[in-house]
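The chains referred to below are lettered A, B, ... by the order of the sequence lines, with proteins before strands, and numbering in each begins at 1.
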2 protein chains.
Amino acid sequence: METFLSGADRPLYEVKANLFKGLAHPVRVRVLELLLPGDPVSVSELISETGLEASHMSQHLSVLRKHHLVVAERRASQVFYRLAYPEVADLLRVARILLAQVLETTHEQLVSTMRLPALSAPSA
Amino acid sequence: METFLSGADRPLYEVKANLFKGLAHPVRVRVLELLLPGDPVSVSELISETGLEASHMSQHLSVLRKHHLVVAERRASQVFYRLAYPEVADLLRVARILLAQVLETTHEQLVSTMRLPALSAPSA
DNA sequence: TGGCGGTATGATAAATTCATCATTCAATAG
DNA sequence: CTATTGAATGATGAATTTATCATACCGCCA
């Protein structure tokens, strides 16, 4: 089983890039955010929340598992997922902060280059 | 120019996935870590540090620029890069912490499943 | 103009994504 | 016990995206 950690001695930046690769898909980010609150969520719930097909969801869950970002737990006939570490939540939080920063700056730049006041009512 | 922010109103998790996509390559992680200390680094330095070909490096720098993770500044005949926001450094830091956590846990699991003591000398 | 430092382009190779189908596992009906 | 249903996973291949490499290009300064 490819676990992305077998070569624990390989360059750190390669391992780190792999971590980001695991996060680099909208569906997977969405799933992680659904798990953010903390309590386990069943695959059924994830499917109904996202509207994805079961097999499609399972594929992404498998990627998240491989990257050790989530853990699965079987309860009777259903499988529940949760974040593997609280640090995963931290990572998403920091990403959100960075994104907010980027968007804000970009917006300011747009506004200043277009010379369109952002908050006051345009005269024309 | 595709800037990954044009549709600022599109789903947040898609924008966030894009951010991670920008980080999801060993070379780009490596470059960001070289920029981590804070002072601008010239492309020449980045090239000699990594051993990459100029065009190859430039491509990755272009990706990082598109994702607003770095900014370039021209000084005479050379171009210097630095992190676009301190939050980028935060992101890398959190990623490192998470990775350490994952590696530690995985190692413990390996040790316990193989029943090989980690620190004491094996008897056979 | 020539040369150095970077950048953009385009073709090919490789990895991801996505849809479809088959399989496994648990619970329950017959 | 066996068949069946619901829940989830796994496997295959086509389509799309991304990475890689070589090459051509641009801007600055001597």
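Residue A/Ser44 is in sugar-phosphate contact alone, with no base atom involved, counting any heavy-atom pair closer than 4.0 Å across all strands shown.
Note on A/Tyr81: a side-chain N or O is less than 4.0 Å away from OP1 or OP2 of D/dT9. Checking the phosphate oxygens (OP1, OP2) of C/dG6, no side-chain nitrogen or oxygen of B/Ser58 falls inside 4.0 Å.
The closest side-chain heavy-atom distance from A/Leu98 to A/Val102 is below 4.5 Å. In this structure, the side chains of A/Val71 and A/Arg82 come closer than 4.5 Å at one or more pairs of heavy atoms. Looking at B/Val41 and B/Val31, their side chains never come closer than 4.5 Å, going by heavy atoms from C-beta outward.
Straight-line distance from the CG atom of B/Leu46 to the C1' atom of C/dG5: 13 Å, rounded to whole Å. Rounded to a whole Å, the CG atom of A/Leu61 is 10 Å from the P atom of D/dG10. Distance A/Arg65 CZ to D/dT9 C1': 8 Å, rounded to the nearest Å. Look at CD on B/Glu45: it is 13 Å from P on C/dG5, rounded to the nearest Å. In this structure, the CG atom of A/Leu52 is 14 Å from the C1' atom of D/dA8, given to the nearest Å. Atom CD in B/Gln78 sits about 15 Å away from atom C1' in C/dT7, given to the nearest Å. What separates NZ of A/Lys66 from P of D/dT9 is a distance of 13 Å, to the nearest Å.
Note on ring orientation: taking the six-membered ring where Trp is involved, the planes of B/His25 and B/His60 are tilted (angle from 30° to 60°).
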ask   = What string of B, S and - do you get for nucleotides 13-30 of chain C, 5' to 3', when a contact is any protein heavy atom under 4.0 Å?
value = ---SSBBBB----SS---
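Among A/Leu64, A/Leu91, A/Leu36, the single residue meeting the side chain to side chain contact (heavy atoms under 4.5 Å, CB included) criterion with A/Leu83 is A/Leu36.
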